[in-house]
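One-based numbering, in listed order, for ligands and for the atoms of each. Side chains are part of it too, since the values below use all heavy atoms of this structure and drop only hydrogens, waters and symmetry mates. In this text, all values refer to a predicted model and were calculated from it rather than measured experimentally.
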Amino acid sequence: MKVNDVVTYEVDGPIAVITVNSPPVNALSNAVRQGVAGAVQTAIGDNGVGAMVLICEGRTFFAGADITEFGKPQVEPSLRNLQLIVENATKPVIAAIHGTALGGGLELALVAHYRIAVPSAKCGLPEVNLGLLPGAGGTQRLPRIVGVEKALDLITSGAPVGARAAKEMGLVDELAAEGNLRADAIGFAQRLLDEGRPLLKVRDRSEKLDEARGKPEIFADFRKANAKKFRGFKAPEHIIRCIEAALEKPFDEGMAYERELFNELQADSQSAAQRHVFFAERQAAKIVGLAADTPTLPIAKVGVIGAGTMGGGIAMNFANVGIPVTIVEAKQETLDRGLKIIRGNYETTAKKGRMKPEDVETRMGLLTGSVAMEDLADCDLIIEAVFENLDVKREVFGKLDRIARPGAILATNTSYLDIDDIAAATSRPESVVGLHFFSPANVMKLLEVVRTKDTRPEIIVTAMKLAKTIGKIGVLVGNGFGFVGNRILAARNAQADRLVLEGATPWAVDKVLYDFGFAMGHFQMRDLVGLDVGWNREATSSANVREILNEMGRHGQKTKGGYYDYDENRRQTPSTVAMQVIEDFAAKQGIARRAVSDEEIHDRILFAMVNEGARILDEGIASRASDIDIVWITGYGWPKYRGGPMFWADLQGLPVVLEKLKALEAAHGEAFSSSPLIERLVAEGKGFKDA
Ligand code: 3HC
Ligand code: NAI
């Protein structure tokens with residue numbers, strides 16, 4: 001029997017089966033909640049029914065509350081009212097879980113009286129990733145079932161656990177056979193009836209809480225251990241407080257407290273930002289302007305040219321997913337060094353327990369080193385990661401053109417160079433694309449896929465799909481100086497350099513950015529990456545502070561000195577030497593140093609970045625404002641809870657942004673002359689999100 005469009009009700013002997021089918025992820029929308037409530041009530045009133053199974057069709061059990069309904073008026077039953085109906089049912093409800101029982105979905109399973117899951121299922125409370133806490137009893141029920149320590153870990157990390165681990169924790173009562181969930185759940189329900197098992201309610205359990213009562217230091221220790229990870233985010237602390245309440249307050253009061261803190265987070269800009277990021281990540285994967293049926297090309301073998309900082313990491317990405325890679329270097333010696341570094345990376349990962357020791361050899365076995373580019377003849381994709389020099393890259397591509405098989409994808413990892421110029425060295429510019437990885441390339445999530453004026457649609461689609469295969473977030477960008485990420489970085493560089501000449505210290509600049517939420521400051525990042533990256537030794541001209549520091553051998557952390565000094569443990573202190581260089585250089589340039597406020601640092605740096613982002617959008621180098629946000633969050637450490645530069649600007653309101661830019665232009669010149677896009681959007685009463 002159909003209860004509504006998304007829920008059906010069937011009876012199998014004494015067992016009622018309530019099936020939900022609301023693609024794509026069975027989120028708990030208005031229709032789903034209404035349908036389930038109706039079906040449970042039907043089962044309660046149905047005299048022939050002794051127990052009920054709640055199961056979902058499609059790829060997953062309920063993946064949580066419907067995020068798209070947030071902020072809209074709630075239709076009854078609310079999730080909490082639905083939970084009351086289920087928990088107070090006079091007949092046992094068995095949640096039958098496959099796919100991912102997440103957030104409100106798991107919270108609904110937690111009011112069922114029993115849970116059964118297939119081994120491949122995962123359970124989790126990922127609300128923290130959306131700047132929220134589980135608002136349907138998750139913070140009160142999970143500690144009662146798995147204990148306080150595990151609940152703290154699970155809810156503040158948002159990481160799901162597999163069904164087997166969930167069974168060990170008591171979160172799941174029974175494992176079903178893979179592919180046989182419905183029948184096994186009905187069998188399980190039948191057994192419960194035969195054995196006359198009671199209606200178990202998680203809310204009534206206290207044994208796990210009692211264990212934690214003997215360890216009052218749990219919370220303080222947990223806060224301390226995670227201080228760095230949680231810095232700036234509001235949700236983790238709110239979650240900890242709710243779990244404390246689970247221990248200290250009676251169940252209903254704990255629920256009321258959870259509701260209060262949930263509402264606080266839901267109304268906060270951090271959650272709005274993090275929800276924006278969730279959808280922005282998924283938007284980024286959608287390619288604008290290409291036919292939906294554009295075919296992808298198979299990538300069975302990859303070539304990488306250059307085994308330096310980037311090439312090694314790039315190669316690892318493919319070996320990690322079982323794709324063989326041939327790495328070509330200029331000389332045997334640099335090849336050996338590159339391969340040794342890769343092996344070292346894998347060994348370290350294995351030592352940390354994040355990879356099986358035997359996988360080190362499996363992955364190394366997928367990597368073949370060579371000093372002959374001819375060995376790339378049978379590769380489907382070849383990624384060039386040699387020195388950042390147009391002539392060198394053109395030479396490599398010219399040679400590659402003669403070697404690579406017809407149809408192979410020829411990619412460059414260039415940071416700033418014009419890819420059309422590189423492609424022009426080949427007879428097949430339509431086969432050339434940019435794949436801009438970020439350092440360390442085996443770790444960083446971002447991949448800018450750069451389309452040139454000639455890149456074939458199949459290659460664009462293949463590159464975006466490939467990003468997903470190797471666990472990256474691909475963002476499609478246009479071919480312009482620095483693409484999206486580095487171009488905005490250049491705008492930040494210009495302001496940061498100028499600010500320290502005018503009177504700010506590098507540490508003041510860094511502190512403003514750190515307090516804003518960046519993982520590290522601007523000059524700290526430069527010291528970490530190396531001041532000499534991209535520095536042309538031969539053409540030194542003492543043209544700026546960075547060059548002078550380089551000429552002095554101060555290349556950053558690796559030489560124990562850059563803008564900061566570093567001790568053996570890489571602990572930093574502001575460098576008086578660097579400060580002197582800055583002051584001398586400012587004097588030589590005739591810049592009178594003055595007091596620069598933190599507010600000025602904040603505004604000049606951040607609004608310059610937003611303005612550059614607007615230009616990038618206006619020029620079509622990015623297809624959407626949210627793509628720019630994803631680039632800066634995943635590639636450059638922009639704090640996730642601020643949603644990226646464009647979201648952050650929308651939050652201030654573009655009229656405010658425009659006013660700031662005008663004031664900055666008056667004080668500091670044309671670097672702040674506002675992008676025409678901002679002026680247009682303000683005139684139309686729109687934000688970047690509408691651009
Ligand atoms: N609400 C609305 N839409 C959702 C959604 C949700 N909770 N979860 C996923 N979707 C949408 C996605 O936006 C996407 O839409 P699109 O196709 O139009 O782009 C579609 O479902 C498929 O999602 P994915 O591309 O992410 O599919 P995957 O198969 O890769 O992943 C997933 C599936 C693991 C379920 C993943 O989507 C996910 O992690 N979803 C979010 C889960 C979550 O955060 N739940 C908690 C919600 S908050 C809550 O429950 C509050 C409660 O405590 C009161
Ligand atoms: P690197 O100097 O560490 O490595 C370059 C490697 O290429 C060297 O090992 C060199 O021996 C090799 N090489 C040079 N010419 C070659 C040739 N003709 N054939 C084969 N091998 C050759 O440089 P890095 O940092 O890895 O940069 C490589 C590219 O990646 C550059 O275009 C750079 O702009 C880009 N990039 C660098 C990032 C970084 O943070 N280091 C980030 C993103 C992109």
Side-chain angles (χ1 to χ4, degrees), residues 22-29 58-70 78-80 83 99-108 122 124-139 155 158 160 258-259 262 265-266 271 274-275 278-279 281-286 304-314 327-331 333-335 337-338 341 370-373 383-390 392-393 395-397 399-400 412-417 422 434-441 444 446 448 468 485-486 528-530 532-534 635:
S22 179
V25 295
N26 292 311
L28 288 153
S29 62
R59 68 171 109 155
T60 179
F61 192 73
F62 310 103
D66 188 331
I67 312 170
T68 60
E69 285 179 4
F70 281 14
S78 66
L79 179 54
R80 282 195 172 205
Q83 288 178 305
T100 43
L102 297 180
L106 180 59
E107 290 172 296
L108 186 56
K122 292 195 171 93
L125 293 171
E127 286 86 344
V128 69
N129 298 324
L130 302 171
L132 296 172
L133 54 82
T139 66
I155 309 179
E258 180 194 87
R259 160 53 47 94
F262 177 85
L265 289 177
Q266 202 185 19
S271 175
Q274 289 181 246
R275 276 179 270 143
F278 177 85
F279 288 115
E281 265 186 29
R282 284 155 182 80
Q283 273 298 107
K286 293 174 186 145
V304 174
I305 309 178
T309 310
M310 295 304 290
I314 292 170
I327 309 178
V328 174
E329 253 294 341
K331 287 189 241 126
E333 188 191 329
T334 40
L335 176 64
R337 194 185 58 205
I341 292 173
S370 166
V371 289
M373 225 191 270
I383 306 171
E384 166 277 314
V386 305
F387 305 131
E388 182 76 349
N389 175 301
L390 184 60
V392 177
K393 291 206 195 272
E395 197 189 318
V396 167
F397 271 76
K399 196 162 173 204
L400 207 49
T412 172
N413 184 48
T414 180
S415 304
Y416 289 99
L417 298 172
I422 298 173
L435 289 181
H436 185 213
F437 290 81
F438 289 72
S439 179
M444 295 295 287
L446 178 62
E448 282 183 328
K468 200 162 183 184
N486 279 345
L528 178 69
V529 173
D532 55 337
V533 169

Heteroatom distance test (K468, ligand 1): nitrogen or oxygen, under 3.5 angstrom
no
Heavy-atom distance under 4.5 Å between the side chains of R259 and R80, does that happen here?
yes
Per-atom contacts, ligand 1 versus P24 - under 4.0 Å to a heavy atom
20 (C), 21 (O)
As an exercise, identify every atom of ligand 1 less than 4.0 angstrom from a heavy atom of E107.
52 (C), 53 (O), 54 (C)
Within-4.5 Å side-chain heavy-atom neighbours: L265 and E127
no
All ring-ring contact (aromatic ring centres under 6.0 Å, His included) counterparts of Y416, not counting sequence neighbours:
F481
Could you check if a side-chain atom of T100 sits within less than 4.5 angstrom of a side-chain atom of P160, using non-hydrogen atoms only?
no
Give a yes or no on this: more than 12 heavy atoms of other residues, nucleotides or ligands lie within 6.0 Å of atom CD of E69.
yes
Side chain to side chain contact (heavy atoms under 4.5 Å, CB included) between S439 and M444: does it pass, once the steps are laid out?
CA-CA 6 Å; S439 179; M444 295 295 287; 5.8 Å; no
Between S271 and L132, the two heavy atoms sitting closest are OG-CD2, 3.4 Å
Go through ligand 1 atom by atom and flag the ones less than 4.0 Å from a non-hydrogen atom of F279.
13 (O)
If you compare E69, R282, Q266 by their heavy atoms, the one closest to atom 36 (C) of ligand 1 turns out to be R282
Six-ring centre of F279, R275 cation under 6.0 angstrom, axis tolerance 45°
no
Of all protein heavy atoms, the one nearest atom 33 (C) of ligand 1 is V25 CG1, 4.1 Å
Can you confirm whether something in the protein, heavy atoms only, sits under 4.0 Å from atom 1 (N) of ligand 1?
yes
Suppose we screen for salt bridge (Lys or Arg N to Asp or Glu O under 4.0 Å). Which residues come up paired with E448, at least two apart in sequence or across chains?
none
Residue-level breakdown please: for P126 versus ligand 1, do any non-hydrogen atoms fall below 4.0 Å on the side chain, on the backbone, on both, or on neither?
side chain
Please report the closest heavy-atom contact between L130 and Q274, naming both atoms and the distance.
C-CB, 3.6 Å
List, for ligand 2, each N/O atom that has a protein N/O partner under 3.5 Å away, with both atom names and the distance.
from	atom 1	to	atom 2	distance (Å)
ligand 2	3 (O)	T309	N	2.9
ligand 2	3 (O)	T309	OG1	3.0
ligand 2	9 (O)	E329	OE2	2.5
ligand 2	11 (O)	E329	OE1	2.8
ligand 2	11 (O)	E329	OE2	3.3
ligand 2	21 (N)	A330	N	3.3
ligand 2	26 (O)	T309	N	3.3
ligand 2	26 (O)	M310	N	2.7
ligand 2	30 (O)	N413	ND2	2.9
ligand 2	32 (O)	V386	O	3.4
ligand 2	32 (O)	E388	OE1	2.5
ligand 2	32 (O)	K393	NZ	2.6
ligand 2	34 (O)	E388	OE1	2.8
ligand 2	34 (O)	S415	OG	2.7
ligand 2	36 (N)	S415	OG	3.2

Subset of ligand 1 atoms that lie under 4.0 Å from at least one heavy atom of E127
48 (S), 49 (C), 50 (O), 51 (C), 52 (C), 53 (O)
Decide whether the shortest distance between a heavy atom of T60 and an atom of ligand 1 is less than 4.0 Å.
no
Output the list of atoms in ligand 1 that are nearer than 4.0 Å to some heavy atom of P134, sorted by atom number.
53 (O)
So if I count the atoms of ligand 1 from 1 in the order they appear, which ones are less than 4.0 Å from some heavy atom of G103?
46 (C), 50 (O)
Partners of F262 by ring-ring contact (aromatic ring centres under 6.0 Å, His included), sequence neighbours excluded?
none
Numbering the atoms of ligand 1 from 1, which are under 4.0 Å from a heavy atom of K286?
16 (P), 18 (O), 19 (O)
For T414, is there any backbone N or O sitting under 3.5 Å from a side-chain donor or acceptor partner on T412?
yes
Contact (N/O only, under 3.5 Å) between I67 and ligand 1:
yes
Look at atom 42 (C) of ligand 1 and find which of A63, P23, G64, G105 reaches it with the closest heavy atom.
A63
Could you tell me which atoms of ligand 1, counted from 1 in the order shown, lie closer than 4.0 angstrom to a heavy atom of T100?
34 (C), 35 (C)
Going by the closest heavy atom to atom 44 (O) of ligand 1, which one wins out of L130, L102, N129?
L130
So L400 and I305, side chain to side chain contact (heavy atoms under 4.5 Å, CB included) or not? Walk me through it.
CA-CA 10 Å; L400 207 49; I305 309 178; 3.9 Å; yes
Is there side-chain contact between E384 and N413, with heavy atoms separated by less than 4.5 Å?
no
Specify side chain, backbone, both or neither for R59, according to which of its non-hydrogen atoms lie closer than 4.0 Å to ligand 1.
side chain
Going from CD on E107 to OG1 on T139, what distance comes out if it is rounded to the nearest 0.5 angstrom?
8.0 Å
